[in-house]
Amino acid sequence: MRLFLSVLLVTLALCCYEANAKVCPARMSELRSFYLDTEEMYNLRLLMFAPPREAAEAMVKVKQCVDLAPLEGRKRFYNVLKDIQSTCNK
């Protein structure tokens, strides 16, 4: 098994060296919803990805904690993420 994993990693490194680090627009939309939308709106956005029930419940619990932070702080954090996205998408 270890040899197989090593061969797989080397093959991926040689064949996929041109992979990019562009951020998926759907992920950015989900992150915006996570930081700025209401819990109900986030639930609707989360259903687009069809996650397992346990994973969706865990994300909603984390969102509830994030929502305790002031809106201005959450906006600033999302703006930092947008800056990182623009850097990665160049």
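Along the sequence shown, residues are numbered consecutively beginning with 1.
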Residue pair Tyr42, Leu46: steps toward the side-chain contact (heavy atoms from CB on, under 4.5 Å) verdict: CA-CA 6 Å; Tyr42 180 67; Leu46 196 58; 3.7 Å; yes
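- Within the model, atoms CZ of Arg32 and CD of Glu30 stand 10.5 Å from one another, a figure rounded to the nearest 0.5 Å.
- Atom CZ of Phe49 has more than 12 neighbouring heavy atoms from other residues, nucleotides or ligands inside a 6.0 Å radius.
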Residues Arg74, Asp67; criterion salt bridge (Lys or Arg N to Asp or Glu O under 4.0 Å); working and verdict: CA-CA 8 Å; Arg74 290 183 282 152; Asp67 285 347; 3.1 Å; yes
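- Of the possible polar contacts, none joining the Lys82 side chain to the Met28 backbone as a donor-acceptor pair under 3.5 Å is found.
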Lys75/Tyr35 under side-chain contact (heavy atoms from CB on, under 4.5 Å): CA gap, chis, key distance, verdict: CA-CA 7 Å; Lys75 284 181 181 178; Tyr35 287 109; over 6 Å; no
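- Here the CG-CG distance, from Asn43 to Asp37, works out to 11.0 Å after rounding to the nearest 0.5 Å.
- Expressed to the nearest 0.5 Å, how far CZ of Arg45 lies from OG of Ser29 amounts to 3.0 Å.
- Salt-bridge formation is not detected for the pair Arg76/Glu72: no Lys NZ or Arg NE/NH1/NH2 atom is positioned less than 4.0 Å from an Asp or Glu carboxylate oxygen.
- The local environment of CE in Met48 is crowded, with over 12 non-hydrogen atoms from other residues, nucleotides or ligands closer than 6.0 Å.
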Residue pair Leu81, Gln85: steps toward the side-chain contact (heavy atoms from CB on, under 4.5 Å) verdict: CA-CA 6 Å; Leu81 290 175; Gln85 176 201 15; over 6 Å; no
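- Neither Tyr78 nor Ile84 shares a network with the other; the hydrophobic side chains, linked directly or stepwise wherever heavy atoms of I, L, V, M, F, W or Y lie under 4.5 Å apart, form separate groups for each.
- Rounding to the nearest 0.5 Å gives a distance of 11.5 Å between CZ of Phe77 and CG of Leu36.
- Distance alone, capped at 3.5 Å, is enough to place a donor-acceptor pair between the Thr87 side chain and the Asp83 backbone.
- Linking Ile, Leu, Val, Met, Phe, Trp and Tyr residues whenever their side-chain heavy atoms come within less than 4.5 Å places Leu71 and Leu31 in a single cluster.
- Counting only distance, with no hydrogens or angles, the side chain of Lys63 and the backbone of Phe34 share a donor-acceptor pair below 3.5 Å.
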